[in-house]
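What follows is a set of notes on a single structure, which appears directly below.
For reference, positions follow the sequence shown, starting with 1.
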Amino acid sequence: MITESLSSIKDLLIELIDESLNLIKKSENIDYKIKDKNQITGDNPVTEIDLKTQNLITSRINRKFPKHAILGEEGESKKVVKSDYLWIIDPIDGTKNFINALPLYCVSIAVMFKGNIVAGGIGLPWKNNFIISAYEGSGLQSSSAKKYLAKNCKPSAGLITFAPTYFQRSYRIKTNFLKFSGEIRNLGSTAAELALVANGNAQLALSGYAFIWDFAAAWILVKESNKKIFFGNMNDNKWQDINPWKKYFNNGLYELEKLKNWRGKFMACQRDHSEFLLNNIKPNGRKKSFSFLDYFK
């Protein structure tokens, strides 16, 4: 049970996303510095706008909730921190899109309480800032929700599916899925894709290999939208309806270093499609000795 007012967390969450989007949009047409977090130039860029946005968010959280812990995508983190609350921040998910002036990026913020995600919000830089949010047990809040209803137990060919460009190599896909996969798109923002499934703009998203800040807010959005989101257990090559990060909270401590280094996969979908998808997609990629017959296993 949450011990302090969730309403104050909710209010700050929306304010932070709105203010962050405004800061980012004002920066689109100015010169800013770009660095690479990897050795390959352009592979994993970070801009000074990412850093300014994260600083805006963290400074506001620290003022309002000084005892809350924070895990952001940018910068270093402590190995372990003592707190019941943990804010998980991706200041710009889709930095490459932002750099190229494509409005297909988002701000993603989630709040954990004792390892459980209790609040989350994702904002896209569309007209008047398009924000989708959710709070444990309160359903989905959206400025433009879509009322998509599944008409059968399979995805529909005329509806949107989000998947990585390499999804047929990074997942085990049966040919039966390809018949019903729908119009496949890749926005370049994992958090945005999952949020749009929650909002009803798309029927399915295959997401990852990615980090906790790419998933945490979207995870509760999908849950509270009464759709399904599954964690890809790659050790057992199966999907699980679990929160894979809860184990990193123990005895009042968050293991931030392990959370920062965590990577995984998720699948979000319409509830009526879940059985079909679980039978036709596995989270592990192709084996080295892959053969055509593996499609039918």
Option from Ile49, Val46, Leu21 for which side chain to side chain contact (heavy atoms under 4.5 Å, CB included) with Ile92 holds: Ile49
For the aromatic rings, using the six-membered ring if either is Trp, is the centroid distance between Tyr209 and Trp262 under 6.0 Å? no
Could you check Asn243, Ile117, Asp241 and say which one makes a side chain to side chain contact (heavy atoms under 4.5 Å, CB included) with Lys223? Asp241
Which of parallel (below 30°), tilted (30 to 60°) and perpendicular (above 60°) describes His68 and Tyr85? parallel
In a check of side chain to side chain contact (heavy atoms under 4.5 Å, CB included) between Leu204 and each of Val197, Ile184, Leu277, which one passes? Leu277
With distance as the sole criterion, is a donor-acceptor pair present between the side chains of Asn129 and Lys25 under 3.5 Å? yes
Taking the side chain as every heavy atom from C-beta outward, state whether Arg60 and Glu19 have any atom pair closer than 4.5 Å. yes
Parallel, tilted or perpendicular: which one describes the rings of Tyr254 and Phe249, with boundaries at 30° and 60°? tilted
Six-ring centre of Tyr248, Lys258 cation under 6.0 angstrom, axis tolerance 45°: no
Is there a donor-acceptor contact under 3.5 Å linking the side chains of Asp11 and Ser8? no
Check: Phe266 ring centre within less than 6.0 Å of Phe230 ring centre: no
Decide whether Asn199 and Ser142 meet the rule of one side-chain donor and one side-chain acceptor closer than 3.5 Å. yes
